[in-house]
Amino acid sequence: MVLNRRKFIKYSIISSLATHSVGFISSAYADNKVSLSNVNAGSDSDILLIIDVQNDFCPGGSLGVKDGDKIIKNINLIQESFSNIALTQDWHPINHSSFVTEYSDKDVFSSIDMPYGKQTLWPAHCVQGTNGADFHKDLNTLKANTIIRKGFRKEIDSYSGFFENDKVTPTGLEGLLKTLKIKRVFICGLALDFCVNYTALDAKSLGFETIVIEGATLPVDIGDSIKNTLRGFKNKGIHYG
Ligand code: VGL
Ligand code: ZN
């Protein structure tokens with residue numbers, strides 16, 4: 001029965017990871033904060049998107065997010081409340097054009113002009129079929145409806161779970177959500193300032209109510225990436241808390 005599957009996300013679950021979130025976020029952007037204690041998440045029109053919880057984005061990985069593995073416990077707890085869950089998996093060919101290793105004269109984290117716009121150059125990461133591309137062993141992957149892979153075309157990167165970085169090549173996630181009659185999209189995972197950010201921006205512009213779960217995401221933190229992400233959430237009406 002639908003009613004029995006609806007559960008409340010207890011704020012205690014979310015706040016248990018507060019020490020791992022980025023300190024200034026809550027005070028600087030207090031007005032778009034949401035208290036998940038009031039959000040009755042988990043109805044059939046809600047989905048939880050778990051972005052890129054893969055070994056290369058966790059400590060020890062080639063693009064490791066500090067404490068990235070510490071959010072996994074929280075993500076697993078949150079999953080218990082949802083009947084719809086989709087995982088994304090960054091899935092690059094070994095010679096992907098976003099890898100700094102493809103260029104002899106470029107620095108890591110510098111950017112280059114691609115036909116679709118500016119592209120940050122990353123250390124090689126999430127190479128198809130490698131351990132770095134696998135989901136972290138602690139992540140519960142059993143409940144997910146589906147796994148969306150992205151970034152598998154050599155010439156184009158993909159941060160968002162919905163569209164590649166050209167903003168037009170779809171991953172298929174939009175179609176899935178529309179078919180499932182999803183209204184609200186809850187987003188967690190790695191990294192807050194890149195793939196979580198672009199997934200949230202696309203979710204919102206596609207018309208979904210969009211909530212990024214603060215206690216279940218962490219940033220890579222390059223330049224002003226965190227500040228820009230949070231400003232964008234605020235400007236676009238993406239809930240963050
Ligand atoms: C990501 C950089 C490159 C992410 C993926 O998951 O945030 N960041 N590829
Ligand atoms: Zn990538």
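Atoms within a ligand are numbered from 1 in the order they appear, just like the ligands themselves.
Close N/O approach between D52 and ligand 1 is found [any backbone or side-chain N/O within under 3.5 Å]. Among the atoms of C195, some N or O lies under 3.5 angstrom from an N or O of ligand 1. Residue Y159 places no N or O, backbone or side chain, under 3.5 Å from any N or O of ligand 1.
Side-chain heavy atoms closer than 4.5 Å link hydrophobic residues (I, L, V, M, F, W, Y) into clusters, and following such links, possibly through other members, connects I182 to L48.
When each of T146, N145, D44 is tested with L180 by the rule side-chain contact (heavy atoms from CB on, under 4.5 Å), just one qualifies, namely N145.
A salt bridge is defined here as a Lys NZ or Arg NE, NH1 or NH2 lying under 4.0 Å from an Asp or Glu carboxylate O, and K150 with D52 meets this definition. Salt bridge status for D46 with K183: absent, with no side-chain N to carboxylate O gap under 4.0 Å.
The number of heavy atoms from other shown groups lying within 6.0 Å of NZ (K178) is above 12. When the shell of 6.0 Å around CD1 of I112 is examined, it contains more than 12 heavy atoms from other residues, nucleotides or ligands. In the displayed structure, K73 atom NZ is contacted under 6.0 Å by at most 12 heavy atoms of other residues, nucleotides or ligands.
Nearest to atom 8 (N) of ligand 1 among the protein's heavy atoms is F194 CB, 3.9 Å. At the shortest separation from atom 3 (C) of ligand 1 among protein heavy atoms lies H125 NE2, 3.4 Å.
Ordered by chain and number, D90 OD2, H92 NE2, H125 NE2 make up the set of protein N, O or S atoms under 2.8 Å of the Zn ion (ligand 2).
Only the backbone of L190 comes within contact range of ligand 1, with a heavy atom under 4.0 Å; no side-chain atom does.
Counting atoms of ligand 1 from 1 in the listed order, those under 4.0 Å from a heavy atom of A191 are 4 (C), 6 (O), 7 (O). Annotation for ligand 1: atoms under 4.0 Å from non-hydrogen atoms of D90 are 5 (C), 9 (N).
Applying the ring pair (Phe, Tyr, Trp, His ring centres under 6.0 Å) test to residues at least two apart or on different chains, none of the pairs has a partner in residues 202-228.
Side chain of Q119 to backbone of S98: no donor-acceptor contact under 3.5 angstrom is found.
For an aromatic pair to be called close, the ring centres must be under 6.0 Å apart, and F99 with H92 satisfies this.
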